[in-house]
Chemist: 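Quick one: the structure is below, and I'll ask about it shortly.
Here is how names work: the chains are called A, B, and so on, in the same order as the sequence lines, proteins then strands, and each is numbered from 1.
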Amino acid sequence: MAQKGPLPGFRDFYPEDLARRTAIFRAWRSVARRYSFVEYDGPPLEPLDLYTAKSGDEIVGQLYSFEDKGGRAVSLRPEMTPTFARMVAARANALPKPVRWFSVPQLFRYERAQRGRLREHFQLNVDIVGEPSELADAELLCVAIDIMRELGLGPNEVRARVSDRRLLNALLTAIGVGDAQLAAVYGVLDKIERQPREISREKLEGAGLVPNQIERVLALPDIGSMDDLDRDFGHVESAKPAIAQFGRYLSHLHALGVEAWVDVDLSIVRGLAYYTGTVFELFDAKGELRAICGGGRYDNLLGQLGGVDLPALGFGMGDVVLGELLKAHGLLGDAMGAGPDFWVVSTEQSPPSAVLRAAATLRRMGYAAEYVLNAEKLRTQKSSAQIKAAERAGAAWLMVVRDETHAEVRALSRAPGDEARDGVEVLLHDLMDPERGFAALAEAGVPAPRED
RNA sequence: GUGACUGUAGCUCAAUCGGUUAGAGCACCAGACUGUGGCUCUGGGGGUUGCGGGUUCAAUUCCCGUCAGUCACCCCA
């Protein structure tokens, strides 16, 4: 049975799965638009060198790449940023700044699948280009947090951890860490929660740090507020600008109303090498899952990738971990839409053609209508059996076709305690008339068709 | 890429020490009942026990391989 499923790390989306995915997408788009971001997209397949040339080596090893029939080296996109950078760079001079774009690409990586990490996923990408102010950083994080709110999650379920590489660099410099040692220190900080203290010490020692420096580095993650920062580093002249800037970032977040979600955490490094300023990640509060979302400022990347010198920042939020978190909290459980508006029922006196005409008319009016899709049953099956089918399909209304010209419209009560209301007679001929049709249905309590 | 564990119906599971035709609930299909509070009853379909090989009179059960999944590592989205 395994060989008949999708490829490893890929997913089939059954209707209930797709309904959940669609609900996530809806929240993404709804919030992004609320912040005045506009949606774009690019090709899912790109030239291989778009990634090998500029992305980090670690990504290149996991590319879902191959040679196409024309002999071109191509790759499914592992991330959206290079495509985004190319598109923005191509119109850099014409676009009004700041650029506020978002996208919901399907991304691919060739690596062994695990929980929360597949070979394919959908990832919301939200980016701002052309604005160096920390107000843009605050706005960006606010988008990510608002999406959590939109999906029904609160600060007790999700935490945003924020840091800033400029700040961290300033503090490390104050501690006496040299540029050549930065990468190693970053690596240790990144893993400080998942790695025994002793291993961290050994690695820092291996990088050439002296004991006093090691202890100060290991104490950095304990800084959880501006007060802590001022206490430990407020006297360091060279660190003051970075501390002040970080403080402005936090105060903007406060003013935007998301301070309850935010934790200062200098161990947030982010694997991608291109971040230059603020960095943040969203986690489930219990810390059981992988990061829900990660992003930050990458002021040099557009220059490297697209040849235009513009500051930029952005984040990515995948559907896999987010979906698991929502499932764990019982959200998105019944994302499946309702059944059809109408179920058209035949009776002994109604010819099947009258049922089809009635359904066709309802559909022309904009309603979803279904009936027993079996000619024999339509002719002979008892209406009670058809009503049962209607219930199972989740239909809201019944239209029982009495004969060639008459039908009865009745609510199919689904909520416990609902009184079954008597049906209302309608003339099928009336339904054909644009005005009388809706009026006749309104008499039975049927609302206007949903707009989708 | 490395290591560990797991694999029986669509789902959750059962099957004595290796022993006859691999069972049950839910789901699905058909029918009966009921002017319908996701009720009740009857019947039905559905499995090469992941796949391949080995040991054995006999394998769902033991062994090897393989594929897939899960977890950890690596690494990251």
Side-chain angles (χ1 to χ4, degrees), chain A residues 1-12 14 16 51 55-64 76-82 103-126 144 187 190-191 194-196 199 268-275 279 281-283 288-296 314-324 334 339 343 345 347 372 374 376-377 380-398 400 408 410-423:
Chain A
M1 85 189 54
Q3 73 272 17
K4 287 186 181 173
L7 286 169
F10 286 77
R11 297 169 287 175
D12 286 333
Y14 288 87
E16 61 272 24
Y51 306 110
S55 292
D57 290 339
E58 70 281 2
I59 287 179
V60 173
Q62 296 164 348
L63 287 174
Y64 211 113
L76 291 165
R77 57 187 174 194
E79 57 168 336
M80 198 57 178
T81 304
S103 190
V104 184
Q106 188 174 22
L107 305 178
F108 306 86
R109 305 197 110 174
Y110 198 91
E111 60 179 338
R112 194 151 166 180
Q114 307 174 34
R115 182 180 188 199
R117 198 159 178 224
L118 309 172
R119 286 186 173 178
E120 148 274 324
H121 73 146
F122 292 87
Q123 187 190 65
L124 169 69
N125 277 248
V126 178
D190 187 35
K191 290 193 184 165
R194 290 163 281 157
Q195 191 168 258
I199 305 282
I268 295 300
V269 172
R270 304 283 304 146
L272 293 177
Y274 53 63
Y275 289 106
V279 288
E281 293 186 342
L282 262 51
F283 286 91
E288 291 169 352
L289 304 173
R290 294 167 185 283
I292 299 162
C293 166
F315 71 78
M317 182 186 294
D319 71 310
V320 181
V321 175
L322 181 57
E324 284 180 9
D334 55 348
W343 191 284
V345 176
T347 58
V372 177
N374 178 294
E376 180 65 19
K377 286 181 182 169
T380 61
Q381 193 177 49
K382 287 186 184 177
S383 46
S384 65
Q386 297 183 41
I387 292 169
K388 192 171 184 173
E391 283 177 339
R392 279 201 294 190
W397 300 87
L398 284 181
V400 182
E408 180 190 338
R410 191 171 70 224
L412 189 55
S413 66
R414 297 163 65 204
D418 266 14
E419 286 295 317
R421 275 189 295 176
D422 286 342

Chemist: Between U34(B), C74(B), A32(B), which nucleotide has the shortest distance from any of its atoms to the side chain of Arg117(A)?
Modeler: C74(B)
Chemist: Is the side chain of Arg109(A) donor-acceptor paired with the backbone N or O of Leu76(A) at a distance under 3.5 Å, no angle test?
Modeler: no
Chemist: How would you label the contact of Leu107(A) with the nucleic acid (heavy atoms, under 4.0 Å): base, sugar-phosphate, or nothing?
Modeler: nothing
Chemist: Less than 4.0 angstrom from a charged side-chain N to a carboxylate O is my criterion; do Glu111(A) and Arg119(A) meet it?
Modeler: no
Chemist: Measure from the side chain of Arg290(A), starting at C-beta and using heavy atoms only, and say which of U40(B), A4(B), C76(B) lies closest.
Modeler: C76(B)
Chemist: Is the phosphate of G31(B), meaning OP1 or OP2, less than 4.0 Å from a side-chain N or O of Lys382(A)?
Modeler: no
Chemist: If the test is side-chain contact (heavy atoms from CB on, under 4.5 Å), which one of Val321(A), Leu289(A), Ile268(A) qualifies with Phe283(A)?
Modeler: Ile268(A)
Chemist: In whole angstroms, how far is the C1' atom of C76(B) from the CD1 atom of Ile268(A)?
Modeler: 14 Å
Chemist: Can you tell me the distance, in whole Å, between the CD atom of Glu16(A) and the P atom of A27(B)?
Modeler: 15 Å
Chemist: For the side chain of Gln114(A), counting heavy atoms from C-beta on, which of U40(B), A72(B), G3(B) is nearest?
Modeler: A72(B)
Chemist: Between G3(B) and A22(B), how many Å separate the two P atoms, rounded to a whole number?
Modeler: 38 Å
Chemist: Measuring only the P atom in each nucleotide, how far is C39(B) from C29(B)? A whole number of Å is fine.
Modeler: 14 Å
Chemist: For Leu118(A) and C76(B), what is the distance between atoms CG and C1' respectively, to the nearest whole Å?
Modeler: 13 Å
Chemist: Round to a whole Å and report the spacing from CG of Asp190(A) to P of C76(B).
Modeler: 8 Å
Chemist: Using the P atom as the reference point in each nucleotide, state the distance between U60(B) and U42(B) in Å, no decimals.
Modeler: 33 Å
Chemist: Among the candidates C76(B), G69(B), C74(B), find the nucleotide nearest to the side-chain atoms of Pro8(A).
Modeler: G69(B)
Chemist: Expressed as a whole number of Å, how far does the C1' atom of C17(B) sit from that of U61(B)?
Modeler: 11 Å
Chemist: For RNA chain B, whose closest nucleotide is more 5', that of Leu398(A) or that of Val320(A)?
Modeler: Leu398(A)
Chemist: Can you tell me how far C1' of A30(B) sits from CD of Gln386(A), to the nearest Å?
Modeler: 16 Å
Chemist: Is it true that a side-chain atom of Asp319(A) and a backbone atom of Phe122(A) form a donor plus acceptor pair closer than 3.5 Å?
Modeler: yes
Chemist: Reading RNA chain B 5' to 3', what string of ( ), [ ], | and . shows its pairs, if Watson-Crick and G-U wobble pairs count only when both distances fall under 3.5 Å?
Modeler: (((((((..((((.....[...)))).(((((.......))))).....(((((..]....))))))))))))....
Chemist: If we take the C1' atom in both U34(B) and U40(B), what is their distance in whole Å?
Modeler: 9 Å
Chemist: Does a nitrogen or oxygen in the side chain of Lys377(A) sit under 4.0 Å from OP1 or OP2 of A30(B)?
Modeler: yes
Chemist: NZ/Lys382(A) to OG1/Thr347(A) distance, rounded to the nearest 0.5 angstrom?
Modeler: 14.0 Å
Chemist: Measure from CZ on Phe10(A) to P on C67(B) and round the result to the nearest Å.
Modeler: 18 Å
Chemist: When you compare G50(B) with G10(B), how far apart are their P atoms, in angstrom units rounded to a whole number?
Modeler: 12 Å
Chemist: Heavy-atom nearest nucleotide on RNA chain B for Tyr110(A) versus Ala385(A): which residue maps closer to 5'?
Modeler: Tyr110(A)
Chemist: Heavy atoms from C-beta onward define the side chain here; which of U70(B), C74(B), C76(B) lies closest to that of Arg194(A)?
Modeler: C76(B)
Chemist: Separation of Ile387(A) atom CD1 from C33(B) atom C1', in whole Å?
Modeler: 14 Å
Chemist: Between CG of Leu63(A) and CZ of Phe108(A), what distance do you get to the nearest 0.5 Å?
Modeler: 13.0 Å
Chemist: Going through the distances and angles, do Arg290(A) and Gln114(A) end up as a side-chain hydrogen bond (donor to acceptor under 3.5 Å, both in side chains)?
Modeler: CA-CA 11 Å; Arg290(A) 294 167 185 283; Gln114(A) 307 174 34; 3.0 Å; yes
Chemist: Does Tyr110(A), at its OH atom, have more than 12 non-hydrogen atoms belonging to other residues, nucleotides or ligands within less than 6.0 Å?
Modeler: no
Chemist: Can you check the distance between A27(B) and C41(B), where both ends of the measurement are the P atom (answer in whole Å)?
Modeler: 12 Å
Chemist: If you look at every strand shown and take non-hydrogen atoms under 4.0 Å, does Gly187(A) touch a base, only sugar-phosphate, or nothing?
Modeler: nothing
Chemist: Rounded to whole Å, how long is the line connecting atom CG of Leu63(A) with atom P of G1(B)?
Modeler: 16 Å
Chemist: When rounded to the nearest 0.5 angstrom, what distance separates CE in Met80(A) from CG in Leu107(A)?
Modeler: 7.5 Å
Chemist: Using the C1' atom as the reference point in each nucleotide, state the distance between A4(B) and A9(B) in Å, no decimals.
Modeler: 29 Å
Chemist: Look at the side chain of Arg392(A) and decide which nucleotide, out of G1(B), C75(B), C29(B), has an atom nearest to it.
Modeler: C29(B)
